[in-house]
Amino acid sequence: MGGILVYALTNEGAINKNSLGAVSAAAKAAGELGTEAHAVVVGNVGDDVAGSLGSYGATKVFRAKDASEGLAAPAVDALAKLFADNDYDYAVFGGGLLGFEIGAGLAARVGAGITAEVTGLKVDGGKLVGQRPILGDSLISESNYKGKGVLIGRTNAFEATQSGSAVAVEDITVETSEQASKVRLVTRGEQRGADVNIEDANVLIAGGRGLGAAENFQLAEDLASAFGDGAAVGATRAVVDAGWFPYAGQIGQTGKTVAPKLYVAAGISGAIQHKVGMQGSENIIAINKDSNAPIFEFSDLGIVGDVQKVLPALTEAVKAKKGS
Amino acid sequence: MKIAVLVKEVPDAAVEKRIDPSTGRLDRAGEKNLNPYDQNAIEAAVQLKEGGAVPVEEIVAITMGPEGAERALHKAVSLGADRSVQLTDDAVAGSDVVATGYALAKLIERESPDLVLLGQQSDDGESYAIGAVVGEFLGFPALTQVSKFDVSGSTITAERQAEYGYDTVEVDLPAVISVSDAINEPRYPSLKAIMGAKKKPLEKVTIADAGIEADKVGAAGSKIECGNFTEPPKKAAGEIIEDEDTAATVEKIVAWLDERKLI
Ligand SMILES: Cc1cc2nc3c(=O)[nH]c(=O)nc-3n(C[C@H](O)[C@H](O)[C@H](O)COP(=O)(O)OP(=O)(O)OC[C@H]3O[C@@H](n4cnc5c(N)ncnc54)[C@H](O)[C@@H]3O)c2cc1C
Ligand SMILES: Cc1cc2nc3c(=O)[nH]c(=O)nc-3n(C[C@H](O)[C@H](O)[C@H](O)COP(=O)(O)OP(=O)(O)OC[C@H]3O[C@@H](n4cnc5c(N)ncnc54)[C@H](O)[C@@H]3O)c2cc1C
């Protein structure tokens, strides 16, 4: 009875880091609940890879081999079948885009309560409680489930920790739902634009929609050059989607996670999905013309001003300082 | 083709959002507005209609919300919807995501649209989930965070950014598409459209009208209870500089960097 099922997202034979975190957190909670955490992978994932989820605390791993990886609907079918067969109480997801879609679909199908953006799992009175920041992270709310619960983690909220050892993988056969038969993955994981490296940078100058136009990324590039070696330029999803900057330089939930010594956010509002990818930076400077922008709530130095004015002047000042 | 757009009224962006301690729910007393992300969904519908790749006969805006939420519908109509439907019923107050998605699916069924569009998130609940829930209840394929899509015959080809890069996905109509905020720049309504919005048909329905089962909605029909609100540990507030004299501003930034050996 009971138990927790965790969805593990994979791509090109590797398990997503946030899924490993979700398995670790679920295994810990399962221990406190006196039950087990199981994991499921969708697609033709190798035995070793799938089985390695055991090392993060999953006591059983299921695989829906024939279902298409990278789509939500076939995964909902697989998880719903496992819920029907094993009567789980909870499903836990590491977040990301598919985690949200699969979790929401599953909750509707099995009649579960759902919490998105979960940052903590708590066990209270023999039940799993999801903790989630709300209203611009100003409060933490706790979700109590009347019956089954679906908990979707916030990106980078759960750390992957090893406990246990690899387990055997059990293949399952899943019937395709009507919804799943009407969706087809054409291409997955296309990298748009040049391959830029931002993960090794000590200094990151990140640009957002507030830069105003693609060509204004030059202002960020100039400041990065002024800092010299070890400095690079990154971006928000808004500008990557607009084609102003390559996807490889995107920071956040569906981009990279970075933690440089210095992070300069230029014309970036500070949406949660951006914050989760950069809040580990040692020093954060934000330049934004709106004094109410959320980014100021988690920056160490905030400049209320126009990036068009501040960036070029700062570039000159940094050059002068370095030359002195 | 007929398009249904789901829209929600939320506290205005300028209002400090808070939980009403007496109800444990969001305090909705202040100024309200159409959820900004839903403007992207309406704009996508209007562009489809104007684009002419497929004939669009009608765009219907649908909301579930209390008396007063018709303002969001008026705004939706001023932005290009042809008419609107509002589910107002005490029985739905306090619905969670799954209950809301179920009720919306019932409203959508009454309209039999070919395409259901919605925003990427509401500005208050921020669950990013209604699209997938509605799709599940309707048995329609659902995609979220779509930043570009084309309709050809009865197929939609959509692009969105997922965790490993851009994915291109095809779905058969009828389908649910929740659009990302990067898909378009919503237009401003014309004065004429604003004035005319109240004259367009607005149908108010109850749960009985829509065939919604009372025990599946509202606080009682919801599967979740939120509470025990606590404040997270606050990061010490950063220093703020108002840029009045840019030369002085950058001098302060450089000194700040220097102090921390970042330069
Ligand atoms: C599932 C999902 C995944 C996502 N993944 C990511 C992700 O990986 N990374 C990411 O970044 N986002 C992601 N997002 C999007 C995120 O929610 C925001 O939409 C995005 O981060 C906003 O980018 P922005 O700050 O550039 O733009 P905006 O939010 O539009 O902010 C622009 C800012 O610039 C300021 N500004 C304007 N002009 C000037 C000027 N002249 N001088 C100074 N300031 C100015 C404005 O005041 C504003 O604060 C995701 C969203 C979802 C739902
Ligand atoms: C602070 C806060 C926290 C909450 N936490 C939870 C929670 O953890 N779990 C839970 O189940 N519920 C939660 N709720 C309740 C939830 O917000 C409502 O059920 C809500 O109506 C639907 O969720 P959303 O607005 O978050 O949807 P989202 O999935 O973020 O909204 C996406 C889109 O769905 C459409 N949409 C959403 N609501 C409506 C509507 N009423 N009418 C028409 N279209 C709509 C809009 O197009 C919107 O852009 C919370 C509410 C608040 C205010």
Side-chain angles (χ1 to χ4, degrees), chain A residues 11 16 70 72-73 96-98 100-101 104-105 107-109 111-114 116 133 135 137 139-147 178-179 182-192 237-238 241-242 247 254 261-262 283 296 298-305 309-310 313-314 317-318 321, chain B residues 17-19 96-98 101 126-129 132-133 135-137 139-142 144-145 147 157 160-172 180-182 222-232 235 238-243 246-247 249-251 253-254 256 258 260 262-263:
Chain A
N11 182 49
N16 188 278
L97 177 95
L98 282 175
F100 276 82
E101 280 186 7
R109 198 168 308 171
I114 180 172
L135 307 179
D137 287 4
L139 282 179
I140 308 280
S141 157
E142 290 193 352
S143 296
N144 293 281
Y145 310 97
K146 294 184 194 165
E178 167 120 15
Q179 300 88 293
K182 291 183 170 164
V183 40
R184 296 168 293 278
L185 188 63
V186 182
T187 55
R188 186 180 188 198
E190 188 194 326
Q191 305 297 305
R192 295 218 170 132
R237 183 182 83 169
D241 273 347
Y247 170 70
T254 44
K261 275 198 156 53
L262 175 64
N283 296 280
F296 289 129
F298 52 95
S299 45
D300 303 297
L301 179 63
I303 314 299
V304 182
K309 273 166 67 185
V310 177
L314 183 57
V318 170
K321 176 77 192 168
Chain B
K17 296 194 233 347
R18 63 180 273 270
I19 297 291
D96 68 358
V97 164
V98 173
E126 295 180 301
S127 301
Y128 314 89
V133 171
E136 183 62 34
F137 279 116
F140 293 0
T144 62
Q145 305 299 331
S147 55
T157 306
R160 36 96 169 266
Q161 207 189 74
E163 30 279 281
Y164 297 102
Y166 285 86
D167 292 357
T168 301
V169 186
E170 245 174 45
V171 295
D172 297 329
S180 96
D181 61 353
S222 290
K223 303 289 196 300
I224 191 168
E225 269 168 13
C226 301
N228 196 17
F229 304 105
T230 51
E231 279 190 33
K235 183 175 167 170
E239 200 180 312
I240 296 283
I241 302 173
E242 299 273 348
D243 177 41
T246 304
T249 301
V250 298
E251 203 175 301
I253 303 174
V254 169
W256 190 91
D258 197 27
R260 288 162 184 75
L262 293 167
I263 203 165

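Labels below follow one simple rule: chain letters A, B, ... track the order of the sequence lines, proteins then strands, and each chain is numbered from 1. Predicted, not measured: the structure shown is a model, and the values here were computed from it.
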> Top residue by heavy-atom pair count (under 4.5 Å) with chain A, among B/Gly101, B/Ala247, B/Gly139?
Replying inline: B/Gly139
> Going by distance alone, is a donor N or O of one side chain under 3.5 Å from an acceptor N or O of the other, for B/Gln161 and A/Thr254?
Replying inline: yes
> In terms of heavy-atom proximity below 4.5 Å to chain B, should A/Lys261 be classed as side chain, backbone, both, or neither?
Replying inline: both
>> Pair A/Arg184, B/Asp172 - check side chain to side chain contact (heavy atoms under 4.5 Å, CB included), show working.
In response: CA-CA 9 Å; A/Arg184 296 168 293 278; B/Asp172 297 329; 2.8 Å; yes
>> Quick check on B/Glu251: does its CD atom have over 12 non-hydrogen neighbours (other residues, nucleotides or ligands) under 6.0 Å away?
In response: no
> Run the side chain to side chain contact (heavy atoms under 4.5 Å, CB included) check on A/Leu301 and B/Ile241 step by step: do they pass?
Replying inline: CA-CA 8 Å; A/Leu301 179 63; B/Ile241 302 173; 3.9 Å; yes
>> Please classify the contact of B/Thr230 with chain A as side chain, backbone, both or neither, using a heavy-atom distance under 4.5 Å.
In response: both
>> Nearest 0.5 angstrom please: A/Asn11 CG to B/Glu163 CD, how far?
In response: 9.0 Å
>> Can you tell me how far apart OG (A/Ser141) and CD1 (B/Ile224) are? Round to the nearest 0.5 Å.
In response: 7.5 Å
>> So does A/Glu142 get a backbone contact from the side chain of B/Asn228, meaning a donor-acceptor N/O pair under 3.5 Å?
In response: no
> Which answer fits A/Asn16, side chain, backbone, both or neither, if we ask what part of it has an atom under 4.5 Å from a heavy atom of chain B?
Replying inline: both
> Taking atom NZ of A/Lys146 as the centre, does the number of heavy atoms from other residues, nucleotides or ligands within less than 6.0 Å exceed 12?
Replying inline: yes
>> With side chain to side chain contact (heavy atoms under 4.5 Å, CB included) as the criterion, how do A/Asp241 and B/Tyr166 come out once you've worked through the C-alpha distance, each side chain's angles and the decisive distance to 0.1 Å?
In response: CA-CA 10 Å; A/Asp241 273 347; B/Tyr166 285 86; 2.5 Å; yes
>> Go through it in stages, so that I can follow the logic: the residues are A/Asp300 and B/Arg260, the test is salt bridge (charged side-chain N to carboxylate O under 4.0 Å, His left out), and I'd like the CA-CA distance, side-chain angles, deciding distance and then a yes or no.
In response: CA-CA 12 Å; A/Asp300 303 297; B/Arg260 288 162 184 75; over 6 Å; no
> Which bit of B/Tyr128 comes within less than 4.5 Å of chain A, counting heavy atoms only: side chain, backbone, both or neither?
Replying inline: both
> After noting the C-alpha distance and the side-chain angles of B/Thr249 and A/Ile303, does the key distance pass the side chain to side chain contact (heavy atoms under 4.5 Å, CB included) rule?
Replying inline: CA-CA 8 Å; B/Thr249 301; A/Ile303 314 299; 3.7 Å; yes
>> Restricting to salt bridge (Lys or Arg N to Asp or Glu O under 4.0 Å), what partner residues turn up for B/Glu136, sequence neighbours left out?
In response: A/Arg109
> Going by an N to O cut-off under 4.0 Å, is there a salt bridge joining A/Arg237 and B/Asp181?
Replying inline: yes
> Can you name the residues that form a side chain to side chain contact (heavy atoms under 4.5 Å, CB included) with B/Thr144, not counting sequence neighbours?
Replying inline: A/Leu97, A/Glu101, B/Arg160, B/Ser178
> With only heavy atoms counted, which part of A/Ala313 is less than 4.5 Å from chain B, the side chain, the backbone, both or neither?
Replying inline: both
